[in-house]
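FYI, side chains are in, hydrogens and waters are out, and symmetry mates aren't considered; it's all heavy atoms of this structure. All of these numbers come straight from a predicted model, not from anything done at the bench.
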Amino acid sequence: MAGLERRLVLLAMPALAACSGAGARDNAAEELGGGGLSSARAARLVASYPDHLARIEGDTLVWTDGTRMPIGAAQPARPFEEMLRSASIADQLRQAYAPGPLLAPPPRDHSPGRLRNAGFFAKMYGDCRQGTVTPQLRPVTWMPRTRPQALPITTVNDVATRLERVIGTLDAMPDRLKAYLVPAAGSYNCRAVADTGQPSMHGTGAAIDIAVRQSDYWVWARSRGEAVYRNRIALEIVEAFEAERFIWGGKWYHFDTMHFEYRPELFGG
């Protein structure tokens, strides 16, 4: 397939958004409406993290060490901005991630993966503010045949090994795609998300930002309060990450096209 056809460049898609965006908006509304959590999504959460999660008991998530956490499945619907700042585990699973080509800009507030329960990820990967993440990091060489760069990545859930497989695929891609990848903007960083104040996935060591100069970020693209979607990252790159269950921030309404994070529980609808 020609290079231009394989790139996800969505600068102006009013016609396509009109025909396919309506269905996506309906899906987003359904995901955010009401309480409840489907048994399939709950089962997928447990299956996605077998070293950590044991089972679901009613509205409780049971960890393999016996820790019990409330899921919040019966909570009533809340505004998206509120959930961003205080997501329950059920909120975290409300929006499924769809791998493959993006056919239209994401509808408002459809950002699968941005809803994160802070306690869940602190329990799984550690709390970087307390120094419990760094002992589980190891250096991974980013793009060793192109422009080697050491990045600290968590070994929890084999994320470091999974990223190395992604890198093997990316490093074999044509040179025309390397500008999107090097240098990487970073991986582990103990910080909060700028617009929510909540812990960033970078603080777990399970996220990476690729090259900034070819990326787009909703804060840079705001116009009259709306985020005007823009993307220049090639589909081949996105698919390499998705094959190892990393989600892409380019599929968020508040898009961040340089960002990838390991979130296997969100795949599968």
CG/Asp171 to CH2/Trp142 distance, rounded to the nearest 0.5 angstrom?
9.0 Å

Residue pair Ile237 / Leu170, side-chain heavy-atom distance below 4.5 Å:
yes

Would you name the heavy atoms of Asp109 and Phe80 that are closest together and state the gap between them?
O-CE1, 3.2 Å

Side chain to side chain, Met124 and Thr204, heavy atoms closer than 4.5 Å:
no

Scan side-chain atoms only and decide if Ser86 and Arg78 contain a donor-acceptor pair under the 3.5 Å cut-off.
yes

Might you point out which heavy atoms bring Leu84 and Gln198 nearest each other, and give the distance in Å?
O-CG, 3.5 Å

Determine whether more than 12 heavy atoms belonging to other residues, nucleotides or ligands lie under 6.0 Å from atom CZ of Arg191.
yes

Under the 3.5 angstrom rule, does the side chain of Tyr97 hit a backbone N or O of Trp248 as a donor-acceptor pair?
yes

So, does Asn117 use its side chain to make a donor-acceptor pair with the main chain of Phe120 at under 3.5 Å?
yes

Minimum heavy-atom distance Ala234-Leu177, with the two atoms named
CB-CD2, 3.6 Å

Spacing of OG belonging to Ser48 relative to CZ belonging to Phe267, to within rounding of 0.5 Å
9.5 Å

Nearest non-hydrogen partners of Gln136 and Val156, listed with the distance:
OE1-CG2, 3.2 Å

Between Ile89 and Leu61, which heavy-atom pair has the shortest distance, and what is it?
CD1-CD2, 3.9 Å

Side-chain touch Met173/Tyr180, heavy atoms, less than 4.5 angstrom
no

Using only atom types and a distance under 3.5 Å, with no angle test, would you say the side chain of Asp256 pairs donor to acceptor with the backbone of Tyr217?
no

Side chains of Asp127 and Thr132: any donor to acceptor distance under 3.5 Å?
no

Would you call the rings of His259 and Trp252 parallel, tilted or perpendicular, taking 30° and 60° as the class edges?
tilted

I'd like to know if the side chain of Ser200 and the backbone of Val193 have a donor-acceptor N/O pair within less than 3.5 Å.
no

Between Leu181 and Thr146, is any pair of side-chain heavy atoms under 4.5 Å apart?
no

Heavy-atom side-chain contact between Phe241 and Thr169 under 4.5 Å:
no

Taking the side chain as every heavy atom from C-beta outward, state whether Arg213 and Pro183 have any pair of such atoms under 4.5 Å apart.
yes

Passing candidate, side chain to side chain contact (heavy atoms under 4.5 Å, CB included) with Tyr262, options Ile247, Leu163, Ile208, Val159:
Val159

Main-chain N/O of Leu93 paired with Arg41 side-chain donor or acceptor, under 3.5 Å:
yes

Nearest-0.5 Å distance, CE of residue Met201 to CZ of residue Arg263
5.5 Å

Can you list everything that forms a salt bridge (charged side-chain N to carboxylate O under 4.0 Å, His left out) with Asp65? Sequence neighbours excluded, please.
Lys123

Rounded to the nearest 0.5 Å, what separates atom CZ in Phe260 from atom CD in Glu242?
8.0 Å

Rounded to the nearest 0.5 Å, how far apart are OG of Ser215 and CD1 of Ile210?
5.0 Å

Would you please indicate if the ring centroids of Trp63 and Tyr49 are separated by under 6.0 Å?
no

Run the side-chain contact (heavy atoms from CB on, under 4.5 Å) test on Thr141 and Ile167 for me, step by step, so that the C-alpha distance in whole Å, both residues' side-chain angles and the decisive distance to 0.1 Å come before the verdict.
CA-CA 8 Å; Thr141 303; Ile167 293 169; over 6 Å; no

Looking only at atom types and distance, does a side-chain atom of Arg114 sit under 3.5 Å from a main-chain N or O of Tyr253, one as donor and one as acceptor?
no

Without swapping roles, check the side chain of Lys251 against the backbone of Leu102 for a donor-acceptor pair under 3.5 Å.
no

Between Ala184 and Leu151, what is the shortest heavy-atom contact and its length?
CB-CD1, 4.1 Å

Just verifying a value: how many Å separate Arg85 CZ and Leu115 CG, rounded to the nearest 0.5 Å?
11.5 Å

Heavy-atom distance under 4.5 Å between the side chains of Met143 and Gln149, does that happen here?
no

Under a plain distance cut-off of 3.5 Å, with no hydrogens placed, do Tyr229 and Asp216 share a side-chain donor-acceptor pair?
no

